[in-house]
There are 2 protein chains.
Amino acid sequence: MSQFGDYIRNRREELQKAKPSIFSLRKVAQEANIEPSYLSKIERGLQPPPGQATIEALALVLEEDKDVLLALAGKVSDDLSKIIQKRPKLFAGLIRELKDMPDKAVLRLVREVRDGEW
Amino acid sequence: MSQFGDYIRNRREELQKAKPSIFSLRKVAQEANIEPSYLSKIERGLQPPPGQATIEALALVLEEDKDVLLALAGKVSDDLSKIIQKRPKLFAGLIRELKDMPDKAVLRLVREVRDGEW
DNA sequence: CATACTGTGTAGTATATACTACACACTCCA
DNA sequence: TGGAGTGTGTAGTATATACTACACAGTATG
C-alpha cells in the first residue's frame with residue numbers, strides 16, 4: 001500500500017540489474033545523503049515518505065521525475081503548485097476528466113500538446 | 001506568500017459579502033470544527049496549512065474543490081494520487097506542458113476533453 | 001452604555017515527521 | 001574461511017505539525 005516506497009524500490013532494482021555496483025541500497029542512500037536503514041524502511045513502507053529535499057535527491061540518483069516522486073509521496077512540487085495557483089479551476093477540471101479518461105485518449109492528448117498543436 | 005491562506009480568506013470574504021451571518025470567521029471555524037484563532041492564523045499564513053481532514057472540512061463549508069485546496073496546501077488528494085500512480089509519465093509530461101501553455105490553449109483543451117472529444 | 005458580535009495575540013501540548021547511529025544476519029567469492 | 005558486500009531491526013531524537021484554550025481589542029447595534 002506504500003506507493004512511494006514500491007515505486008522507488010522497483011526503480012532502484014531495475015537500475016541495479018543493469019549496474020549492480022552503483023545501485024545497491026547502500027550506494028543510493030549514500031548518494032542521497034541518508035542512512036541505508038532509513039532508505040530500506042522507506043522502500044518497504046515502514047516509514048512515511050521522506051522530506052522534499054530527500055525526495056529530490058532520490059529523484060536525481062534514480063534518474064526519475066521529481067514531480068512524480070513528490071506526488072507519489074503526497075507532496076506537491078513547486079511547478080505543480082504554480083500551475084494550480086494560476087489556474088485552480090483548470091486543475092480541478094483536469095483531475096475530474098483524467099480520472100475516467102481512457103489511456104488512448106490521454107496519450108493522443110499529450111502527444112498533441114507536446115507537438116504544439118495547442 | 002501563503003497560497004492556501006490567501007485563497008481561503010478570499011473565498012470566505014467573497015461568501016461573507018453575500019451572507020455575512022453565515023460566513024464569519026467564527027462560523028466557518030465552527031462548521032469545520034476548529035478554533036477561530038487557528039483559522040485566523042491559517043488565513044494569514046502565520047500557521048502552515050492544516051491537515052487533510054480539516055482542509056476537506058473547509059472545502060465543504062466554503063463550497064470549494066477539495067483537490068484544489070489540498071494542492072494549494074502542498075498535499076496531493078487521493079484522486080490525484082490514483083491518476084499519478086496509474087500514469088506517472090503522463091502526469092510528468094502534463095506538468096511540463098502546462099507550465100508554459102497559454103491560457104487560450106488550455107481552455108480549449110479542457111473544453112474539448114469535457115465535451116467527450118477525447 | 002452594554003452586550004454581541006467581529007477578528008487576533010499569546011501560550012501551550014500531543015503526536016507525527018524526518019531523520020541518525022549502530023548492531024545484526026545473510027550471501028558471495030577470492 | 002574471512003572479509004566485503006548485501007539488506008534489516010531496534011532505539012533514540014530534534015523539529016515540525018496540527019491543533020486547543022482563552023484572554024484581548026475593536027466595531028456595530030439596540
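Since the structure is predicted, the reported quantities are computational estimates derived from the model, not experimental observations. Every heavy atom of this structure was used, including side-chain atoms; hydrogens, water molecules and symmetry mates were not. Here is how names work: the chains are called A, B, and so on, in the same order as the sequence lines, proteins then strands, and each is numbered from 1.
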For this session: May I ask you to list the residues of residues 23-36 of chain B, by number, that have any heavy atom positioned under 4.0 Å from an atom of DNA chain D?
Result: Asn33(B), Ile34(B), Glu35(B)
Problem set entry | Close side-chain approach of Ile42(A) to Pro50(A), heavy-atom, < 4.5 Å | yes
Seminar exercise, completed: Whole-Å distance, Ile42(A) CD1 to dT17(C) P, equals 12 Å
For this session: Compare all side-chain heavy atoms of Arg9(A) with those of Leu25(A) and state whether any distance is below 4.5 angstrom.
Result: yes
Seminar exercise, completed: Parsed dot-bracket for DNA chain D after applying the Watson-Crick and G-U rules with both distances under 3.5 Å and | for other-strand partners is ||||||||||||||||||||||||||||||
Exercise. Quick one: Tyr38(A) OH to dT17(C) P, roughly how many Å, whole number?
Worked result: 10 Å
Exercise. Ile8(A) has an atom CD1; how far is it from atom C1' of dG7(D), in whole Å?
Worked result: 14 Å
Exercise. Can you check whether Ile55(B) reaches Lys66(B) side chain to side chain, under 4.5 Å on heavy atoms?
Worked result: no
For this session: Find the distance Leu46(A):CG to dA18(C):P and express it as a whole number of Å.
Result: 16 Å
Exercise. Are any non-hydrogen side-chain atoms of Leu80(A) and Phe91(A) less than 4.5 angstrom apart?
Worked result: yes
Exercise. Can you tell me how far the OG atom of Ser37(A) sits from the CD atom of Gln47(A), to the nearest 0.5 Å?
Worked result: 9.0 Å
For this session: With heavy atoms under 4.0 Å as the rule, sort Pro49(A) into base, sugar-phosphate or nothing.
Result: sugar-phosphate
For this session: Quickly work out the Gln47(B) CD to dA11(C) C1' distance and round it to whole Å.
Result: 12 Å
Exercise. OP1 or OP2 of dG7(D) less than 4.0 angstrom from a side-chain nitrogen or oxygen of Arg12(A), does that happen here?
Worked result: yes
Exercise. Do the side-chain N or O atoms of Gln16(A) get closer than 4.0 angstrom to the phosphate oxygens (OP1, OP2) of dG7(D)?
Worked result: yes
For this session: State, yes or no, whether a side-chain contact exists between Gln85(B) and Asp6(A) at a heavy-atom distance under 4.5 Å.
Result: no
Exercise. Taking for each residue the nucleotide of DNA chain C with the nearest heavy atom, is it Lys41(B) or Pro20(B) whose nucleotide lies nearer the 5' end?
Worked result: Pro20(B)
Problem set entry | Same apolar cluster: Ile22(A) and Leu15(A), side chain cutoff 4.5 Å | yes
For this session: Check DNA chain D against residues 54-80 of chain A and give the residues with a non-hydrogen atom under 4.0 Å, in numerical order.
Result: none
Problem set entry | Heavy-atom side-chain contact between Leu70(B) and Glu56(B) under 4.5 Å | yes
Problem set entry | Test item: Leu72(B) and Ile8(B) side chains (from C-beta on) under 4.5 Å apart, heavy atoms | no
Exercise. Between atom CD of Glu35(A) and atom CD of Gln30(A), what is the distance when rounded to the nearest 0.5 Å?
Worked result: 10.5 Å
Exercise. Quick check: does any side chain N or O of Arg11(B) sit under 3.5 Å from a backbone N or O of Tyr7(B), one acting as donor and the other as acceptor?
Worked result: no
For this session: Indicate if Leu58(A) and Leu60(A) have the same hydrophobic cluster label, given that clusters are the connected sets of ILVMFWY residues with side-chain heavy-atom separations under 4.5 angstrom.
Result: no
Problem set entry | base_contact_polar (dG7(D) base, Ser40(A) side chain, donor-acceptor, <3.5 Å) | no
Exercise. Taking atom P of dG5(D) as reference, at what distance in whole Å does atom CD1 of Ile22(A) sit?
Worked result: 14 Å
For this session: Answer yes or no: does a side-chain N or O of Arg9(B) lie under 4.0 Å from OP1 or OP2 of dG7(C)?
Result: no
